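Proteins get letters first, then strands, A, B, ... in listed order; numbering begins at 1 in each. Computed from a predicted model, the values in this text were never measured in an experiment.
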2 protein chains.
Amino acid sequence: MQAAFQEYIRQHISLSDQDVQLMLSLATEQKVSKKTFLLREGEVCRHKMFVTGGLLRIYRTREDGSEHIIQFSPEQYWCTEPESLNKQTPSSYYIDAVEDSHLLQWTKKDFDHLNANIPGLKAYSEGIIAHNMDLHRQRIFSAISATPEEKYDEFMRVYPGLLSRIPLHMVASYLGVSVKTLTRIRHAQLQR
Amino acid sequence: MQAAFQEYIRQHISLSDQDVQLMLSLATEQKVSKKTFLLREGEVCRHKMFVTGGLLRIYRTREDGSEHIIQFSPEQYWCTEPESLNKQTPSSYYIDAVEDSHLLQWTKKDFDHLNANIPGLKAYSEGIIAHNMDLHRQRIFSAISATPEEKYDEFMRVYPGLLSRIPLHMVASYLGVSVKTLTRIRHAQLQR
DNA sequence: GGCCAACGAGGACATTTGTCCTCATTTTAA
DNA sequence: TTAAAATGAGGACAAATGTCCTCGTTGGCC
């Protein structure tokens, strides 16, 4: 599972083999089965994670117990709860595994060390943050302006191939609509 | 209007007077009247702005011409279109003045220079970005899970005092609901 | 001062969306 | 293997929300 990470790094940053090895030397591998929690509400997020295989989700609950998914992290995605990790404060979010998954994990301290000592990694990390910011703004725009059908289409564009891997109620939870509405959309799209 | 900026800096970062003067020396002051565009869709965002007085908004339009407000920037707020500024690509968003406003502006080049040469400013800038990320995630959560009434209450919490400065249709545009719904909410809240 | 646009409210109605229920099928776990 | 839970679909109905309209007031602009 380290190979997947090396492959990802090679495609996204040009790091020397030594630097990649340095990153891996500070990483912890973890294999988790479906429904395992990586972070619970109230806990402090200790790790920055990279998903080498499987699928994680970040979600939040309301008082009535309903779950609302903020983000999916399939293989080749980074995953963490930035607010809790950066400030080392209790998280408002949960992270759990939607599928059996393989992860690489770094503590904040170790990753800060890597950012400070590997040329280019800091700039790359900042680029990721900037990109996530752009995605978040698009998502906000979509959430306040798009119809459920447009949101559904956008979900499939943002997460190609994910639809067949997750139950519909998670798609609905991500989009902010009821399962019933999703069913209607899918039925309507079959007509075309 | 530079005084407002100095006051803000003093409260949020500890910079030497020389550093503050350095920042001001690279800034351009601008006074704009209501409805002036600072950025249009398709244009490249050239500046990072600080609002010393007045109120800006960032919004996006749909094909039908409807406007959807992503963010307000009242006095003492930073305002820019990060994606367009960072990548120097055409913006998908508009920025205009909701009230007559006073601004300080820096080009990306100059602000990068300041970040590189003023100790603590880079860390502060990153802190702003991290904080905005947290706000965006909360907004996404709110957008996909909250009722219009809850969103309205949250708006008043996030932007205290702004309600009386902007027309209702802008609040509706920010929340992603119709003006009619807002009117209903306000009527219902009067009953209590 | 006077005109026109913007604003906030509200009625009437249509549409969308949600809730609650059942049902058949598949998947999971004991 | 078998029972229980999860899943996807759909019917019936209620609730929420949007659209279109009018109306009176306010505020900016010539």
Side-chain angles (χ1 to χ4, degrees), chain A residues 32-36 54-55 57 59 62-69 72 96-101 142-156 162-192, chain B residues 32-36 54-55 57 59 62-69 72 96-101 142-156 162-192:
Chain A
V32 296
S33 57
K34 195 169 167 172
K35 296 190 182 174
T36 304
L55 174 64
R57 63 170 176 160
Y59 68 94
R62 291 181 62 86
E63 310 74 26
D64 64 4
S66 59
E67 301 176 352
H68 301 272
I69 298 175
F72 291 104
D96 73 359
V98 178
E99 302 172 349
D100 295 349
S101 302
S142 166
I144 66 175
S145 75
T147 64
E149 181 160 8
E150 291 167 329
K151 294 178 192 178
Y152 179 68
D153 292 341
E154 192 167 318
F155 166 79
M156 294 201 288
L162 214 57
L163 182 61
S164 59
R165 294 166 63 180
I166 62 180
L168 272 197
H169 70 82
M170 286 195 189
V171 180
S173 166
Y174 177 87
L175 299 184
V177 301
S178 68
V179 176
K180 182 71 183 181
T181 297
L182 262 200
T183 301
R184 285 173 180 139
I185 288 171
R186 289 154 60 84
H187 182 265
Q189 293 194 341
L190 285 181
Q191 308 295 335
R192 302 194 234 118
Chain B
V32 297
S33 57
K34 196 169 166 172
K35 296 190 182 173
T36 303
L55 174 62
R57 64 170 176 160
Y59 67 95
R62 291 182 63 85
E63 309 76 25
D64 64 4
S66 59
E67 301 175 353
H68 301 272
I69 298 174
F72 291 103
D96 72 1
V98 178
E99 302 173 349
D100 295 347
S101 302
S142 165
I144 66 175
S145 75
T147 64
E149 181 159 7
E150 291 168 329
K151 294 177 193 179
Y152 179 69
D153 292 341
E154 192 166 318
F155 165 79
M156 293 200 289
L162 214 55
L163 181 61
S164 59
R165 294 166 62 180
I166 62 180
L168 271 198
H169 69 83
M170 286 196 190
V171 180
S173 166
Y174 177 87
L175 299 183
V177 301
S178 68
V179 177
K180 182 71 182 182
T181 298
L182 262 200
T183 300
R184 284 174 179 138
I185 288 171
R186 288 155 61 83
H187 183 265
Q189 293 195 342
L190 285 181
Q191 308 296 334
R192 299 193 235 119

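Here B:Phe155 pairs with B:Tyr159, B:Tyr174 under the ring pair (Phe, Tyr, Trp, His ring centres under 6.0 Å) rule; sequence neighbours left out. Partners of A:Ser178 by side chain to side chain donor-acceptor pair (under 3.5 Å), not counting sequence neighbours, listed by chain and number: A:Thr181. In this view, B:Asp100 satisfies the side chain to side chain donor-acceptor pair (under 3.5 Å) rule with no residue, not counting sequence neighbours. For A:Arg165, the side-chain contact (heavy atoms from CB on, under 4.5 Å) partners at least two apart in sequence or on another chain are A:Leu55, A:Pro74, A:Glu75, A:Glu99, A:Leu162. Residues satisfying the side-chain contact (heavy atoms from CB on, under 4.5 Å) criterion with A:His187, sequence neighbours excluded, are A:Gln191. Residues satisfying the side-chain contact (heavy atoms from CB on, under 4.5 Å) criterion with A:Val32, sequence neighbours excluded, are A:Gln30, A:Thr36, A:Leu38, A:Ala97, A:Ser101, A:Leu103. Residues passing the side-chain contact (heavy atoms from CB on, under 4.5 Å) test with B:Ala146, sequence neighbours excluded: A:Arg62, B:Ser142, B:Glu150, B:Lys151.
The bend of the helix from C:dG1-D:dC30 to C:dA30-D:dT1, defined by the angle between the axes of its first five and last five pairs, stands at 60° to the nearest 10°.
Here the side chains of A:Leu163 and A:Leu168 are in contact, with some heavy-atom distance below 4.5 Å.
With rounding to whole Å, B:Glu149 atom CD is found 13 Å from D:dA16 atom C1'. Remark: C1' of D:dA12 and NZ of A:Lys180 are 9 Å apart, rounded to the nearest angstrom. The separation between B:Glu150 atom CD and D:dT17 atom P is 10 Å, rounded to whole Å. Between the OH atom of B:Tyr152 and the C1' atom of D:dA16 there is a distance of 18 Å, rounded to whole Å. Protein atom CG of B:Leu175 is 16 Å distant from nucleotide atom C1' of D:dA16, rounded to whole Å.
Under 4.0 Å is where a charged nitrogen must lie from a carboxylate oxygen, and between A:Arg57 and A:Asp96 at least one such pair does.
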The contact string for nucleotides 3-8 of chain D, one letter per nucleotide 5' to 3', using protein heavy atoms under 4.0 Å with B, S and - for base, sugar-phosphate only and none, comes out as ----SS
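Looking at every heavy atom in both residues, A:Ile69 comes nearest to B:Ile144 through O-CD1, 3.7 Å.
Residue pairs satisfying the salt bridge (charged side-chain N to carboxylate O under 4.0 Å, His left out) criterion with at least one member in residues 166-187 of chain A, sequence neighbours excluded, are absent.
Bounding nucleotides for the chain A contact on DNA chain C, 5' to 3', at a heavy-atom distance below 4.0 Å, are C:dT17 to C:dT28.
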